Amino acid sequence: MAGIKTLGQFIIEKQADFPYAKGELSRLLRDIGIASKIVNREVNKAGLVDILGDFGSTNVQGEDQKKLDVFANTQFIAALTSGGECCIVASEEEDEFVAIDSPVSKNAKYIVCIDPLDGSSNIDCNVAVGTIFSIFRRKSTEGKATLEDVLQKGTEQVAAGYVIYGSSTMLVYTTGKGVNGFTLDPSIGEFCLSHPDMKVPEDGKIYSINEGNYVHFPDGVKKYLKYAQVEDKASNRPYTSRYIGSMVADIHRNLIKGGIYMYPTTAGSPNGKLRLMYECNPMAFIIEQAGGVASDGFRRIMEIEPTALHQRTAVYIGSRKMVEMVESLLAEQQARVA
Ligand SMILES: O=P(O)(O)OC[C@H]1O[C@](O)(COP(=O)(O)O)[C@@H](O)[C@@H]1O
Ligand SMILES: [Mg+2]
Ligand SMILES: [Mg+2]
């Protein structure tokens with residue numbers, strides 16, 4: 001196959017963009033690629049191996065852990081431990097952050113916040129799921145890295161990405177110099193560059209939201225849904241509703257076609273459902289690097305000062321014009337009640 005470029009080759013090539021790079025971040029991304037392939041192998045034959053269903057425990061969020069949540073968590077921590085470039089893993093499936101204490105990682109300076117398996121509610125019914133990761137450089141230089149090293153604003157991310165285990169498996173990432181997508185070619189076991197320099201369309205006609213929570217949505221969001229559902233050919237309306245229920249898959253579709261993914265505050269989730277450190281920050285970095293917008297309705301997701309590992313936030317993310325429209329309706333609502 002003429003002209004393929006593997007993830008490994010691309011990473012090394014892009015290292016030149018960072019004059020002081022010593023290859024640590026490249027190796028860290030390599031390790032995430034390795035664990036993704038192992039998870040992909042299990043996802044692809046999930047019905048044939050004992051990986052479907054509940055694991056029988058709950059995580060710190062009070063969610064039932066799926067066997068694949070636990071498997072993926074174990075694989076990413078193992079790959080990041082043996083890779084030697086990671087000093088802390090903060091995972092959705094771990095109550096506290098995991099300090100990586102292996103001989104190879106004593107000088108490690110990177111922190112990985114990870115959602116090992118995103119879209120857990122879709123695992124057992126063969127719908128696309130994913131992995132989401134966010135990478136920071138530790139701030140402290142002496143001794144063991146601490147929670148303070150983990151709780152950095154999204155603007156401090158040095159890299160972020162996701163893997164989608166869908167009809168094909170893709171890894172999409174950014175290091176702050178654009179967004180590139182790689183498709184796994186099972187015949188050579190390599191992620192190959194398939195979507196260079198991804199850009200989210202400025203506007204779109206797809207909205208993704210769990211309308212089952214409609215009655216609990218802020219008025220501004222209800223107004224936006226009314227706006228989206230009105231017949232008006234001139235402005236491409238009504239929009240189309242698409243909701244997979246896996247954040248990675250919904251945002252990946254909207255990144256390619258244009259659209260908005262929304263998970264507002266609801267009665268059940270007064271602070272929103274999605275987690276800042278390993279879902280919203282990494283997705284915000286990718287979407288902003290692709291020319292889109294990521295907001296909690298009132299400010300940039302990446303400007304939120306984190307205070308807790310598993311804190312949640314409302315999220316509105318995707319095509320710029322669509323997110324700005326929702327923000328203006330939420331601001332109007334706020335002005336009315338002020
Ligand atoms: O079922 P709901 O409330 O619509 O929530 C779906 C959302 O929750 C999530 O499944 C949360 O992620 P996890 O599966 O990693 O816990 C998102 O992927 C998805 O967008
Ligand atoms: Mg998730
Ligand atoms: Mg998850």
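Model, not experiment: these values are computed from the prediction. Note that ligands are numbered from 1 as they come in the structure, with each ligand's atoms numbered from 1 the same way.
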query = Relative to the heavy atoms of E279, which atoms of ligand 1 are at a distance of less than 4.0 Å?
reply = 11 (C), 12 (O), 13 (P), 15 (O)

inquiry  = Please give me the protein atoms (N, O or S only) lying under 2.8 Å from the Mg ion (ligand 3), ordered by chain and number.
reply    = E92 OE1, D115 OD1, L117 O

request  = Could you tell me whether Q61 approaches ligand 1 through its side chain, its backbone, both or neither, with non-hydrogen atoms closer than 4.0 Å?
outcome  = neither

task = For ligand 1, indicate whether the residue D118 contacts it via side chain, backbone, both or neither (heavy-atom separation under 4.0 Å).
result = both

Any Y110 side-chain heavy atom under 4.5 Å of I135 side chain = yes

note = Note: with side-chain heavy atoms under 4.5 Å as the link, the other cluster members for Y207 come out as I209, Y214, F217, V221, Y224, L225, Y227, Y239, I260, M262, V293, F298, Y316, M322, V323, M325, V326, L329, L330

ask   = Does the side chain of S328 come under 3.5 Å of the side chain of E324 through a donor N or O and an acceptor N or O?
value = no

task = Go through ligand 1 atom by atom and flag the ones less than 4.0 Å from a non-hydrogen atom of L117.
result = 15 (O)

inquiry  = Side chains of T175 and V158, heavy atoms from C-beta outward: is any pair under 4.5 Å?
reply    = no

message = Within the 4.0 Å heavy-atom shell around N210, which atoms of ligand 1 are there?
response = 2 (P), 3 (O), 4 (O)

key: Residues R300, E327: salt bridge by 4.0 Å N-O rule   = no

ask   = Would one find more than 12 heavy atoms of other residues, nucleotides or ligands at under 6.0 Å from atom NZ of K45?
value = yes

query = Going by distance alone, is a donor N or O of one side chain under 3.5 Å from an acceptor N or O of the other, for S91 and N73?
reply = yes

query = So, are D124 and K66 salt-bridged, with charged N and O less than 4.0 Å apart?
reply = yes

ask   = Taking non-hydrogen atoms only, is S120 closer than 4.0 angstrom to ligand 1 via side chain, backbone, both or neither?
value = both

inquiry  = Only heavy atoms of E63, strictly under 4.0 Å: list the atoms of ligand 1 that pass.
reply    = 16 (O)

query = Is any side-chain heavy atom of C87 closer than 4.5 Å to a side-chain heavy atom of I100?
reply = no

message = Looking only at side-chain N and O atoms, does S246 offer a donor or acceptor that is under 3.5 Å from a partner on D118?
response = no

message = Tell me the protein heavy atom at minimum distance from atom 19 (C) of ligand 1, and give that distance in Å.
response = G245 O, 3.2 Å

For atom 4 (O) of ligand 1, closest protein heavy-atom neighbour = Y243 OH, 2.6 Å

query = Using a heavy-atom cut-off of under 4.0 Å, does the side chain or the backbone of Y261 touch ligand 1, or both, or neither?
reply = side chain

task = Could you check atom 3 (O) of ligand 1 against the protein and tell me its nearest heavy-atom contact, residue, atom and distance included?
result = Y263 OH, 2.6 Å

ask   = S82: what forms a side chain to side chain contact (heavy atoms under 4.5 Å, CB included) with it, not counting sequence neighbours?
value = none

key: Q65 contact mode with ligand 1 (heavy-atom cut-off under 4.0 Å)   = neither

message = With heavy-atom distances below 4.0 Å as the criterion, list the atoms of ligand 1 near M247.
response = 17 (C), 18 (O), 19 (C), 20 (O)

request  = Below 4.0 angstrom from a heavy atom of S246, which ligand 1 atoms are there? Numbered from 1 as shown, please.
outcome  = 18 (O), 20 (O)

message = When you compare the side chains of E63 and N59, does any donor N or O come within less than 3.5 Å of an acceptor on the partner?
response = yes

key: Geometric N/O contact D115 with ligand 1, under 3.5 angstrom   = yes

query = Quick check: does R275 get an N/O under 3.5 Å from an N/O on ligand 1?
reply = yes

Within 6.0 Å of NZ in K144, more than 12 heavy atoms from elsewhere = no

ask   = Under 4.0 angstrom from ligand 1, any heavy atom of G119?
value = yes

query = Nearest to atom 5 (O) of ligand 1, what protein heavy atom do you find, and at what distance?
reply = K273 NZ, 2.9 Å

inquiry  = What I want to check is whether the side chains of S208 and R253 have a donor and an acceptor closer together than 3.5 Å.
reply    = yes

Check residues 31-42 and write down every donor-acceptor pair under 3.5 Å in which the side-chain atom is one partner and the other belongs to a residue at least two apart or another chain.
| from | atom 1 | to | atom 2 | distance (Å) |
| --- | --- | --- | --- | --- |
| S36 | OG | I32 | O | 2.6 |
| K37 | NZ | G189 | O | 2.8 |
| N40 | OD1 | T169 | OG1 | 2.5 |

